Structures are given as C-alpha cells and as structure tokens.
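Inspection log for the structure reproduced underneath, given as structure tokens.
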2 protein chains.
Amino acid sequence: MAATIRDIKKMTGLSLATVSKYLNGGNVLPENRLAIEHAIEVLHYEVNEVARGLATNKTKTVGVLIERFDNIFAGTVISEIEDILRAHDYGTIVCDCRGDEKLEEESIKFLLGKRVDGILTIPTSRSSKYLQAASDREVPVVLVDRAFEDRDWDSVLVDNTAASYEAVKSLIQRGHRKIAIICGEDKFYTARMRLQGYFKAMEEADLPIYPRYIKRGRLEVEHGYHSITELLKMEDSPTAVFLSNYEITLGAVIALNEKGVRFPDDISIIGFDNMMLSQVVKPNLWMVVQPMQEIARHAAQMLLDRMAGRVPETTEKITLKTSLLPGDSVADLSIKP
Amino acid sequence: MAATIRDIKKMTGLSLATVSKYLNGGNVLPENRLAIEHAIEVLHYEVNEVARGLATNKTKTVGVLIERFDNIFAGTVISEIEDILRAHDYGTIVCDCRGDEKLEEESIKFLLGKRVDGILTIPTSRSSKYLQAASDREVPVVLVDRAFEDRDWDSVLVDNTAASYEAVKSLIQRGHRKIAIICGEDKFYTARMRLQGYFKAMEEADLPIYPRYIKRGRLEVEHGYHSITELLKMEDSPTAVFLSNYEITLGAVIALNEKGVRFPDDISIIGFDNMMLSQVVKPNLWMVVQPMQEIARHAAQMLLDRMAGRVPETTEKITLKTSLLPGDSVADLSIKP
DNA sequence: CTGAAAGCGCTAACAC
DNA sequence: GTGTTAGCGCTTTCAG
C-alpha cells in the first residue's frame, strides 16, 4: 500500500498538521522540513489527490467536451489546452459527443459527476440548456469557438464574420461575381456568422445574392462533396466557391479531383482551417486559418482564472482574428475581361 | 451545497448503510427503495465520485498518454476509446508528451497522482522504464500501436511488418526494382517493423538493398519533405517510394507538388494511415490503412478486463491486420518494359 | 434486510 | 510553528 501522511507523521514524529502544511507550501522549521523531505523520499510518498479532493472539494481536473476528436481544429486546440492545464497541475478529462445533443447533455452530467473544477466546451447544441447543470453547481464554463444567442457565457471565439467577409471580398476583388458558399446548418453559431460575412461582402459590392448559390448542410465531408457537385452541374455555375469549414473543404477537393475539374482554371475555391491541407493540394489552396494555439491559450487561461475565483462583473468574450492564407486556387478574372 | 447521502438518510429515516447499498445495486425493501428514489429526486442527489473513490480506492478514470493529439491516428483511436470507456462509466484523462521522453515519464507520474485505475499509452520512449512506476503500483497498463523489446506488456498492435511487406511487394509486382523507403528512427518499434517488411519484400524478390534508398528520420512532415527531395536529386533515383507513416506521406506529397514532380508518371508512391488523404490528393494515393476503430476497441476492452481483475497468466498481445488501399499513384512498369 | 460505527487520506480551524 | 481534532461523503464490516 502506498505511504500516507500518517506514515510520514510516524517517521518524523511530527503532527499531521505540520506535514500537511509542508505539503501545501506553508512555513515549517528548516529541520522539520528536512525530516519531512527525507521521509517522503524514503517512503516514496505521494499526495493522494483523491483524499485531498474530498477535503478541499476541488479535484484539480477540468472537463473538455467537444464534438469529435479526430478533427484538426479540436485536436490542435485540445492538445494545447491540455498542456497548459497540466502545467498548472490540472488533469483534463475529455468527452466527445459525436454531434449528438443528448450525449452532449449526458456528458456534462458525467463530467459533473466526476466533480471537475471547470468545463471547456466547443458546443454542438443550439441551445445552452445542456450547460445549465454546470451553471447550477457554479462550475465555471468557458465556451470555445462557438457561442450561444440564448445566453451570454464566458467564451473565446474568432471573428467568423470577418473571416468569411475577407475571403469573399478577395474573390470579388479578383473579378468574381458569381460566388457560392458551402456552409453549415443555421443551428451552428459559426455557420451563421460565416454566412453573414458572405452576405456582407456581396452586398457591399452590390452583387446579387442567389439562394441556389448558398449550400447549407452538415459540417461533413459529404456535404462539401455533394454541394460542389451540384454547383458544377448548374447551367449558371458560380466561378468561385467559398468552402467555409474544413470538412467541407476536404469534400469539395475530393469531388473536384474525381471529376477532373481543375482549379483555379475551371472554378476558384477558398478553403478553411488547415494550413497543411493548403499545401498538400495542388495547386495550393487559398485558406482561412484560425489561430488555434491562441484560442487554446486564452480559453485555458480564462478557465484557470475562473477556477481561481477571478470572476469579472459580466461574462467575458474574447474574439480573435483569423488570417487569410493566399494560394493558387483562385483565378484572377479581372485581368482578362 | 449539493445533497449528500446523509440528507437522504434524514429524509427517509433509513441508515447510511441502506442508502449506500441501494446506490450500489444491493437489495432493499421495495418501500425503502421507493423512499430513497423519492428523496434522490427531490434533493437532486448525485453520488460524489470523489468520496466514493477515497473509500473504494478506485477513481473510475483511466489515463491516456500519447505523443500528440493533432494526429489522425491518435485522434481517431482516442475518440473511440473514450466512447467505450465512458459507456462503462470511466472518465478519460489525456496527456500528450509531444515526443518528449522526460515529459512522458512525468505524465505517468501525473496520472498516477490523479489515481487513475488504468493507463493506455502509445509509447514514445524506446525503453519502457517510464512505465515502471505504474507497474510498481499495480496500475494496469495497455500499450497501443507500439511495443517494447525490453519487456512484454499487454498490448494491441498491428502487424507492421506485414503492412510494409505487402506495400513494397505490390510495388515489385508492378515492375519496380529501385524502391526507396522513408521511415522513422530505429528507436520506434513501428519504424523498425516497417523497415523489416521492406527488407523482407526486397530480399524475397532478390532485389539489392541500397542504404541510400533508406531514409530514416523523425516522424514528421519535414522528414518526408526533405527525404523525397533528396531521393529525387539522386542520379540513380528510385522509381518508387514507400512512405511509411502519415506525416511522412504528407511531407512527401507537399514536396512533389511544389517541385511539379508528377506521380505516378515521374515517381510512384504508396502512403500510410489516412484514407481521406488518399482521396484528397490527385491522383488518389495508394495507402496502407490501419484498423483504428478495432485497435481502440480491443485496447479499451483489454484495459477494462485488467481493471476488473481479469488478468491472464502471461501478457496478452493482440495483433491486427492492416489493409492496402489501391489508388492511382503507382505506375505499372511491367507493361511497358 | 437494516443499522451503528470505523475508516479511506487529507485539510483546516483552533488552541497552544 | 506545531499539535489536536473534527470533518469531507462514501463504503464496508459486523451485529442485530
């Protein structure tokens, strides 16, 4: 059996309180300090975090709830978050809900049952109701990437509207007028924002908005694949398509490759979220890139602050900027009118 | 404050033992059962897993330690593992060590400090020494994807030698004789095994093995990029290259694209690990594909068994088979001699 | 089947 | 600065 604080009490002749105090960084006479350190060494003592958790009502673990793991955005962000939290001695318990709203709600309950000290989540549901349980127990929650409209929460987001606006604008500047967008369902915050950016850019340039050029659907490879296929089949095909999410981008590229449709010769495209993909594909893709590390850093820090009791008057919303990575997947129509 | 077992004791007039027994699925008089259930409902009672953990010396959490998260293989496997474990009421605490052996050892200590009931790991280090601490405390460990030669551990692997053998053999069958391999450093179990498969296929076909065609290096995009660049620069360039890992594949494809080297016209390639990539790239890549879901399922189940005390006489090693996904990235040299 | 009581390993008053 | 003591919320003997 592992050594306990009592064993080191016996070995040193000190009291539990003194040992505990040492363990928690309190002041102890130098000689006692040495004695304790010696005993710890000899007995291979290590704090039992569970017992400490029961006594302090803190588990030093945080829950991370996301849609799925095998996703470049989530993977990178979590990787970074985990590192930061561990450096602060927090463990990271992960759950993925696979886009299932019911599972998402259950996962919160699950994490709460594990008594996590805080929760970081990239929401799937449209409503924040599933977070109520955490809120009820005063477990701090920080939203990552997506927000809710039914209630404000502490969150770290990117300016999705601007991201999309700039991408579409750069298409317009290169002479494109028939521009399509393949995006997510309206239930996703990010999808709505990105569509808004599209509208803004089109309106600003006085370009007509055709509903047939707006392809809403699930944020999956299939949606990108089928939507771009449909766009290509139209009599009045767009000259450019904005692929407003990673999976969509992947699906669209696969479809173009399969059909032998060349970009930018036959159609121009701008993708989303994965710098690496931009280079793997030939010609290199124009890409909207999110500052994943920064997102992670801010989110982790915000949660750390909340857990430490540093709570601002109102909810805090941090919005970061995306960048637009140029490639060779957009034709410049303005030079040969 | 959240309701405790004592509150429901008060409300029902029953004893702690009875309530506890109910909570743990024991037999209780129907009327008492009802009373307890009512109290639970009213008080919003939920078991405090931390207190339970202290009493039972089980935390119902497992630690997962991997090299990195933003990696298709690890991401997919963990996603699956987490799902299975959660269904059994286990939480998953993740750590990534970023390929740092020291961090890897510390992470085990960290997980042990969190009192996980078991550990699942894709090792980074060459020696299993870092797992000793877990072993000492009799915390079950299951290795995923990579094994050690210094000691046997329970593990779920794939037959890497066969995977590689088949890939290289399929190149040979298509008339290739000058075949290169870009692989990982010898310190990685998987790298050694994959190289062995290459040797086996070459020897079997009586083909000479040139050291200059064997490019060992870090399992990163850069290694793939630079190695294929060097191979192309040789006077006596290989006609085919086996890219024995996902990052290497990515790097090689990027390099080929950048330099305008066409495959399979200028060089044939077979990649590794990501079906999606196979389709994103044009022409479609030949790919060695690992059964990630199966790996995850077996690993999770094995750990669940160990934690439940089902321990076999000797260590258990499960070896799964990979498959070879055909594409258009390999030229058939045998038809135009 | 139920109850009383001890204890898991640690923290946190509170006295000294 | 140190020791005593009383819990944290639950499980688990052992009687009844």
Side-chain angles (χ1 to χ4, degrees), chain A residues 1-37 39-40 43-61 89 91 112-117 137-139 309, chain B residues 1-37 39-40 43-61 89 91 112-117 137-139 309:
Chain A
M1 222 44 260
T4 77
I5 206 176
R6 267 188 188 82
D7 296 318
I8 106 155
K9 162 194 162 125
K10 270 180 208 154
M11 189 156 174
T12 59
L14 294 164
S15 75
L16 292 182
T18 307
V19 180
S20 173
K21 203 170 177 191
Y22 166 84
L23 256 21
N24 292 290
N27 264 344
V28 171
L29 284 187
E31 42 186 299
N32 292 338
R33 163 178 301 270
L34 250 43
I36 294 175
E37 280 167 355
I40 288 180
L43 299 169
H44 297 294
Y45 171 81
E46 249 169 85
V47 176
N48 183 330
E49 300 272 2
V50 178
R52 179 181 275 176
L54 182 58
T56 58
N57 200 26
K58 294 261 171 287
T59 55
K60 283 278 189 176
T61 57
D89 220 40
L112 257 13
K114 294 276 176 236
R115 292 303 199 264
V116 294
D117 295 338
R137 306 207 191 173
E138 300 181 19
V139 173
Chain B
M1 219 46 259
T4 78
I5 206 177
R6 265 188 189 82
D7 295 320
I8 106 159
K9 163 194 162 121
K10 270 181 209 154
M11 188 157 174
T12 59
L14 292 164
S15 75
L16 293 182
T18 307
V19 179
S20 173
K21 202 172 178 192
Y22 165 84
L23 254 22
N24 292 288
N27 265 342
V28 171
L29 284 186
E31 43 185 298
N32 291 339
R33 163 177 302 270
L34 252 44
I36 294 174
E37 280 166 356
I40 288 179
L43 299 169
H44 295 295
Y45 171 80
E46 248 169 88
V47 176
N48 182 331
E49 301 272 1
V50 178
R52 178 181 275 177
L54 182 59
T56 59
N57 202 26
K58 295 261 170 288
T59 55
K60 283 279 190 176
T61 57
D89 219 39
L112 256 15
K114 295 276 177 233
R115 292 302 198 265
V116 294
D117 295 338
R137 307 208 189 172
E138 299 180 19
V139 173

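For the numbers below, each heavy atom of this structure counts, side chains included, while hydrogens, waters and symmetry mates do not. Within every chain, numbering begins at 1; the chains are lettered A, B, ... in the order of the sequence lines, protein sequences first and strands thereafter. Note that the structure is predicted; figures quoted are calculated from it, not measured.
Checking C:dG3, D:dG9, D:dG3 against every side-chain atom of B:Thr4, the shortest atom distance belongs to D:dG9. The side chain of B:Leu54 sits closest to C:dG9 out of C:dC10, C:dG9, D:dC10. Of the candidate nucleotides C:dA4, C:dC1, D:dG7, C:dC1 has the atom lying nearest to any side-chain atom of B:Leu29.
One can place NZ of B:Lys10 at 11 Å from P of D:dG9, the figure rounded to the nearest angstrom. The distance between atom CG of A:Asn57 and atom C1' of C:dG9, rounded to the nearest whole Å, is 16 Å.
Phosphate contact (OP1/OP2 of D:dT11, side-chain N/O of B:Arg52, threshold under 4.0 Å): present. Within the structure, a side-chain polar atom (N or O) of B:Thr18 is placed less than 4.0 Å from OP1 or OP2 of C:dG3. The side chain of A:Ser20 places an N or O atom within less than 4.0 Å of a non-bridging phosphate oxygen (OP1 or OP2) of C:dT11.
Between B:Leu16 and B:Arg6, some side-chain heavy-atom pair lies under the 4.5 Å cut-off.
Between B:Glu46 and A:Arg137, at least one side-chain nitrogen of the basic residue sits less than 4.0 Å from a carboxylate oxygen of the acidic one, meeting the salt-bridge criterion.
Comparing B:Arg6 and B:Arg115, the nucleotide of DNA chain C nearest to each residue sits closer to the 5' end for B:Arg6. Heavy-atom distances to DNA chain C give each of B:Leu14 and A:Glu46 a nearest nucleotide, and the one nearer the 5′ end belongs to B:Leu14.
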